[in-house]
A.B. asks: 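Right, I'll just put the structure down here and ask away after.
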There are 2 protein chains.
Amino acid sequence: MLQEPILTGSQNCEECPIRHRAVCARCETDELQRLEEVKYYRRFEAGQPIIWCGDRMDFVGSVVLGVASLTQAMEDGRTQMVGLLLPSDFVGRPGRAVAAYDVTATTDVLMCCFRRAPFEALIEDTPHIAHRLLEMTLDELDAAREWMLVLGRKTAREKIASLLSIIARRDAMLHIRREDGPVVFDLPLTREAMADYLGLTLETVSRQVSALRKDGVISLEGKRHVTVPDISRLLEEAGDDMDGGLIS
Amino acid sequence: MLQEPILTGSQNCEECPIRHRAVCARCETDELQRLEEVKYYRRFEAGQPIIWCGDRMDFVGSVVLGVASLTQAMEDGRTQMVGLLLPSDFVGRPGRAVAAYDVTATTDVLMCCFRRAPFEALIEDTPHIAHRLLEMTLDELDAAREWMLVLGRKTAREKIASLLSIIARRDAMLHIRREDGPVVFDLPLTREAMADYLGLTLETVSRQVSALRKDGVISLEGKRHVTVPDISRLLEEAGDDMDGGLIS
DNA sequence: CGTTCATTTGAATCGTATCAAGTGTCGTGG
DNA sequence: CCACGACACTTGATACGATTCAAATGAACG
């Protein structure tokens, strides 16, 4: 398991892959310097916990590389994913010392961490950071609400199609691609994680993925590599009618 | 329908019932004055739309009195409530000109509105407002995530118990009451609104409310007035084990 | 008194969960 | 090189919970 992928933290903010999307996006050079003083990098292997619910948090930070998940659990073991953390997403809540959710590395993850106390002080007197954080929080709230519609009202098949759409859309934002060609991506989630995301069992996830494959909505190579020949067909299956618009 | 209840907008912020919980909570007197310059009141009758999804928004604002709901709809009519707006809750997203959700008055509602453009300018140079808005948005995000667990993983009975707990908890925050006495409140929602909140049908809501009544978890006078003899019993039914703690 | 609307209740159906078994792939150790 | 277990995933049979469709009840109002 001691592969060393691209996870070497660039110490330099200017070259950081999330420089223009993370909480620091709007910072000027001098503001970045103040951030760098309280920042450090941490790596987590796929499957490893990043934070346990109830733990004291001595840092907040950004996902730089990889995928992490925010989950909530009931005592009897039922769990629900409540956030999918992709590169540039923020972890932790300023002003809160104790974690409210479990955070787990879904793939190998590189986090850019800020010591909590000095970061909170920075928020107070750096409007560029506070503003960006507000903007990001509003975006997350919108995402959470879209997700609520999925959880509350969509069928299993629609839920799977919705999840695939979300991942496809994100991928479309990163890798530039032709307008109407097939979309190709790797699922960063196991069937179980997909189930926790969608409020289903892993068996139902498996069945519905197979069904979408049989119906030609997607095709698979291996278990994780997905090709979507016609993205608007997938969106139709998801029950959304935002036709075509990959860039939200 | 032309009842005129307590919905007379106090023009004076100092006497406003949500003065210390709304977006203006942290404002100093001079900051309040700048807000007052761009503020006006609007009333909405129960059942009336406040904003339609896709509408241009020329204001943002706070719910002062009453209950409103934020809902998302699919083309085929399925709808999911994604926010329950109580007094002091904020409506609208600074920086966004077009409404993303339908907003409907569930009861009679009094809103304190701010013209959008000047309000956005105020955010820029009034850290007290920006900060409070961030704090409120983070709270809403937490609420949305708790709700996602309810939608994704709880049974119909647990969903109803969860909703009643949430309303009971809110009521406990407003009306001071003895530590361990019975909790009494009015449901501000119809069975259909409850169903839209919980991702159920109204028939299932009705059945589960009846079941909780038969099992002595709650008692009803009329359809809407609820008495909870033992709040910890209700929390147990909700599947939460936050025992007793009414104040979160 | 009749209409309307919210709610309740009943019976049948359907979708997803549950329980159980089986497949395929990978890495390890004999 | 093959047997082994571990793990992720698939598939099947059955059970159960919530939906659907339908009808009945009750309160509010003109």
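Here is the naming used below: chain letters follow the sequence lines, and residue numbers restart at 1 for every chain. The figures here come from the full heavy-atom set of this structure, side chains too, leaving out hydrogens, waters and symmetry mates.
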A.B. asks: On the side chain of B:R207, is there an atom forming a donor-acceptor pair with the base of C:dG10 - under 3.5 Å, no angle test?
C.D. replies: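 Yes, the side chain and the base share a sub-3.5 Å donor-acceptor pair.
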
A.B. asks: Expressed as a whole number of angstroms, how long is the span from B:E203:CD to C:dT9:P?
C.D. replies: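 Distance, rounded to whole Å: 13 Å.
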
A.B. asks: Any base atoms under 4.0 Å from A:R224, or only sugar-phosphate, or nothing? Heavy atoms, all strands.
C.D. replies: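 Answer is sugar-phosphate: A:R224 comes under 4.0 Å of backbone atoms only.
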
A.B. asks: Can you tell me how far P of C:dG15 sits from NZ of A:K159, to the nearest Å?
C.D. replies: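 One finds 14 Å between P of C:dG15 and NZ of A:K159, rounded.
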
A.B. asks: Going by heavy atoms in the side chains, are A:T104 and A:F44 under 4.5 Å from each other?
C.D. replies: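 A side-chain contact is absent here, since even the closest heavy-atom pair is not under 4.5 Å.
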
A.B. asks: Can you classify the ring geometry of B:F59 versus B:Y40 as parallel (below 30°), tilted (30 to 60°) or perpendicular (above 60°)?
C.D. replies: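 It falls in the perpendicular class, over 60°.
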
A.B. asks: Do A:I51 and A:V91 have side chains that get closer than 4.5 Å, going by heavy atoms?
C.D. replies: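 A side-chain contact under 4.5 Å exists here.
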
A.B. asks: Should B:S210 be listed as having a side-chain N or O under 4.0 Å from OP1 or OP2 of C:dT9?
C.D. replies: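 Result: yes.
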
A.B. asks: Give, for atom OH of B:Y101 and atom CG of B:L85, the distance between the pair rounded to the nearest 0.5 Å.
C.D. replies: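 The distance works out to 11.5 Å.
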
A.B. asks: Can you tell me how far P of D:dC7 sits from CG of A:L189, to the nearest Å?
C.D. replies: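 Taking atom P of D:dC7 as the reference, CG of A:L189 is at 19 Å.
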
A.B. asks: Measure the distance from CG on A:L151 to P on C:dT16 and round it to the nearest whole Å.
C.D. replies: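 Checked: the CG to P distance equals 13 Å.
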
A.B. asks: If you define the side chain from C-beta out and look only at heavy atoms, does anything of A:T204 sit under 4.5 Å from A:K159?
C.D. replies: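 They are not in side-chain contact.
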
A.B. asks: Between the side chains of A:E140 and A:R93, is the shortest nitrogen-to-carboxylate-oxygen separation below 4.0 Å, so that they form an ion pair?
C.D. replies: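 No.
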
A.B. asks: Could you identify which residues of residues 191-202 of chain B place a heavy atom less than 4.0 Å from some atom of DNA chain C, listed by residue number, or say none?
C.D. replies: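 Heavy-atom contacts with DNA chain C come from B:R191, B:L202.
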
A.B. asks: Mind checking salt bridge (charged side-chain N to carboxylate O under 4.0 Å, His left out) for B:R78 and listing every partner two or more places apart, or none if nothing turns up?
C.D. replies: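 Checked B:R78 against salt bridge (charged side-chain N to carboxylate O under 4.0 Å, His left out); matches are A:E158, B:D76.
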
A.B. asks: Give the rounded distance in Å between these two atoms: CD of B:E158 and C1' of D:dG17.
C.D. replies: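 Taking atom C1' of D:dG17 as the reference, CD of B:E158 is at 12 Å.
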
A.B. asks: Looking only at the side chain of B:T204 (C-beta and beyond, no hydrogens), which of the listed nucleotides C:dT16, D:dA18, C:dT7 gets closest?
C.D. replies: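 Closest nucleotide among those given: D:dA18.
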
A.B. asks: Between B:R153 (CZ) and C:dA17 (P), how many Å, whole number?
C.D. replies: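 Rounding to the nearest Å, CZ of B:R153 and P of C:dA17 are 8 Å apart.
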
A.B. asks: Enumerate all atom pairs, one protein N or O and one N or O from nucleotides 23-26 of chain C, separated by less than 3.5 Å.
C.D. replies:
none

A.B. asks: Measure from the side chain of B:S206, starting at C-beta and using heavy atoms only, and say which of D:dT11, C:dT7, D:dC21 lies closest.
C.D. replies: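 For the B:S206 side chain, the nearest candidate turns out to be C:dT7.
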
A.B. asks: In whole angstrom, give the distance that lies between atom CG of B:L187 and atom P of C:dT8.
C.D. replies: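 Between P of C:dT8 and CG of B:L187: 10 Å.
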
A.B. asks: Among A:K154, A:R169, A:R153, which one satisfies salt bridge (charged side-chain N to carboxylate O under 4.0 Å, His left out) with A:E146?
C.D. replies: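 With A:E146 as partner, A:K154, A:R169, A:R153 yield a single salt bridge (charged side-chain N to carboxylate O under 4.0 Å, His left out), made by A:R169.
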
A.B. asks: Does B:R233 come within less than 4.0 Å of B:E237, counting only side-chain N to carboxylate O?
C.D. replies: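 So B:R233 pairs with B:E237 through a salt bridge.
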
A.B. asks: Nearest to the side chain of A:Q208, which nucleotide is it out of C:dT9, C:dT16, C:dT18?
C.D. replies: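 Per side-chain heavy atoms of A:Q208, the pick is C:dT16.
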
